[in-house]
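In this text the structure is predicted, and so the values were computed from the model without any measurement. All residue numbers in this chain count up from 1 along the given sequence. Computed from heavy atoms alone, side chains included, the values below leave out hydrogens, waters and symmetry copies.
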Amino acid sequence: MKPVLVFDMNETLLDTSALDPEFAGIFGQAHGSELRKKWFKLVLELCLTATITGEYRSFDDLTDDALQRLATQQGREASAADRAALKEAQGKIPAYPDVAPGLTRLKEAGFTLATLTKSTAKAAERLIDFAGVRQQLDAVLSADAVERFKPARETYEYAAKDLGVKPGDILLVAAHAWDIAGAMAAGCEAAFIARPEKVLSPSGPEPKYQAADLTTLAERVCANLT
């Protein structure tokens, strides 16, 4: 049986460096890259806290909270206009250049393809439409459905149930070591995409595949079936 490929979205399929100009504008700096990275780390921290404590809040709420925390760290406040501007920009994040051809290669080879994201279902659909890859995907799944963020086991089990397969039939594709570890702990196979500055944990589980980009991964997955 062919595995069902389930993709993380933010930083795996979508290039969040597109938000750098927004952070530069909000904080009045020449470059926004480091601020965007600090913001996303705060977002992940908030997601992890929400999952461990059981006090779930939507990804939209947590990204807004993270911006306000970042502003406080920078000795200022995030105005309503700042928060609105970032929210609008978050709906217009492009895919990496390798994503469309990689997904197309897998789709043409007969694989079922889906995404599994922390973003709300509505935001995820908007992002995938903006990235221009909705037609390659069979499903766009959100952690909102179970109110548990990855890497919680329940999130991967939800994806398997929704797609009508067992966790072991899923190949989770992500650029985050924590996502790889969570998927494998839930019984899924995993593949790591080495996006900029992303590395696997040296003591963590080793995924079935590792690749520099999605087109390379697609060829390896397809070749493994022959």
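Looking at residues two or more places apart in sequence or on another chain, you find a salt bridge (charged side-chain N to carboxylate O under 4.0 Å, His left out) between Arg57 and Asp65. Partners of Asp213 under the salt bridge (charged side-chain N to carboxylate O under 4.0 Å, His left out) rule, at least two apart in sequence or in another chain, do not exist in this structure. Applying the side-chain contact (heavy atoms from CB on, under 4.5 Å) rule to Thr120 yields the partners Ser58, Asp60, Lys122, Ala123, Asp144; only residues at least two apart in sequence or on another chain are considered. For Ser203, the side-chain contact (heavy atoms from CB on, under 4.5 Å) partners two or more places apart in sequence, or in a different chain, are Ser201. Residues forming a salt bridge (charged side-chain N to carboxylate O under 4.0 Å, His left out) with Lys92 (at least two apart in sequence, or on another chain): Glu88. The side-chain contact (heavy atoms from CB on, under 4.5 Å) search around Arg83 returns Asp64, Leu67, Gln68, Ala78, not counting sequence neighbours.
Pairs of residues two or more places apart, or lying in two chains, never qualify as side chain to side chain donor-acceptor pair (under 3.5 Å) while including a residue from residues 157-173. Applying the side chain to side chain donor-acceptor pair (under 3.5 Å) test to residues at least two apart or on different chains, the pairs with a partner in residues 174-183 are Asp8-His176, Glu11-His176, Lys150-Asp179, Tyr156-Asp179. The ring pair (Phe, Tyr, Trp, His ring centres under 6.0 Å) contacts involving residues 10-32 comprise Phe23-Trp39, where partners must be two or more places apart or lie in separate chains. Residue pairs meeting the ring pair (Phe, Tyr, Trp, His ring centres under 6.0 Å) criterion with at least one partner in residues 42-89, sequence neighbours excluded, are Tyr56-Phe149.
Proximity of Thr16 to Arg36: side-chain heavy atoms (C-beta onward) are separated by under 4.5 Å at one or more points.
With hydrogens and angles ignored, the 3.5 Å screen pairs no side-chain donor or acceptor of Thr115 with any backbone N or O of Phe7. For the pair Arg220 (side chain) and Gln210 (backbone), a donor-acceptor distance under 3.5 Å is present. The backbone N or O of Ala109 lies less than 3.5 Å from a partner atom in the side chain of Lys2, making a donor-acceptor pair. A donor-acceptor contact shorter than 3.5 Å is absent between the side chain of Thr117 and the backbone of Ser142. Distance alone, capped at 3.5 Å, places no donor-acceptor pair between the Arg148 side chain and the Ala143 backbone.
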Requested in this report: Take Met9 and Ile128 through the side-chain contact (heavy atoms from CB on, under 4.5 Å) test and state the conclusion after the steps.
Outcome: CA-CA 9 Å; Met9 280 178 45; Ile128 289 300; 4.1 Å; yes
Report task. Could you give me the CA-CA distance, side-chain angles and deciding distance for Phe40 and Leu19, then say whether side-chain contact (heavy atoms from CB on, under 4.5 Å) is met? Result -> CA-CA 11 Å; Phe40 199 66; Leu19 297 175; over 6 Å; no
Report task. Report the C-alpha separation of Arg134 and Glu125 in whole Å, then their side-chain angles, then the decisive distance to 0.1 Å, and conclude whether the salt bridge (charged side-chain N to carboxylate O under 4.0 Å, His left out) test is met. Result -> CA-CA 8 Å; Arg134 185 62 183 90; Glu125 288 283 0; 2.9 Å; yes
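If you chain together ILVMFWY residues whose side-chain heavy atoms come under 4.5 Å of each other, Phe130 ends up in a group of its own.
Residue Leu5 is tested with Asp138, Leu113, Leu172 for a side-chain contact (heavy atoms from CB on, under 4.5 Å); the sole match is Leu113.
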Would you be so kind as to tabulate the donor-acceptor pairs closer than 3.5 Å made by side chains of residues 93-101, with sequence neighbours excluded?
unit_1, atom_1, unit_2, atom_2, d
Asp98, OD1, Arg195, NH1, 2.9
Asp98, OD2, Arg195, NH1, 3.3
Asp98, OD2, Arg195, NH2, 2.9
Asp98, OD2, Leu214, N, 2.9

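Atom CD of Glu206 is surrounded by 12 or fewer heavy atoms from other residues, nucleotides or ligands within 6.0 Å. For Lys41, the NZ atom sits in a loose shell: 12 or fewer heavy atoms of surrounding residues, nucleotides or ligands are nearer than 6.0 Å.
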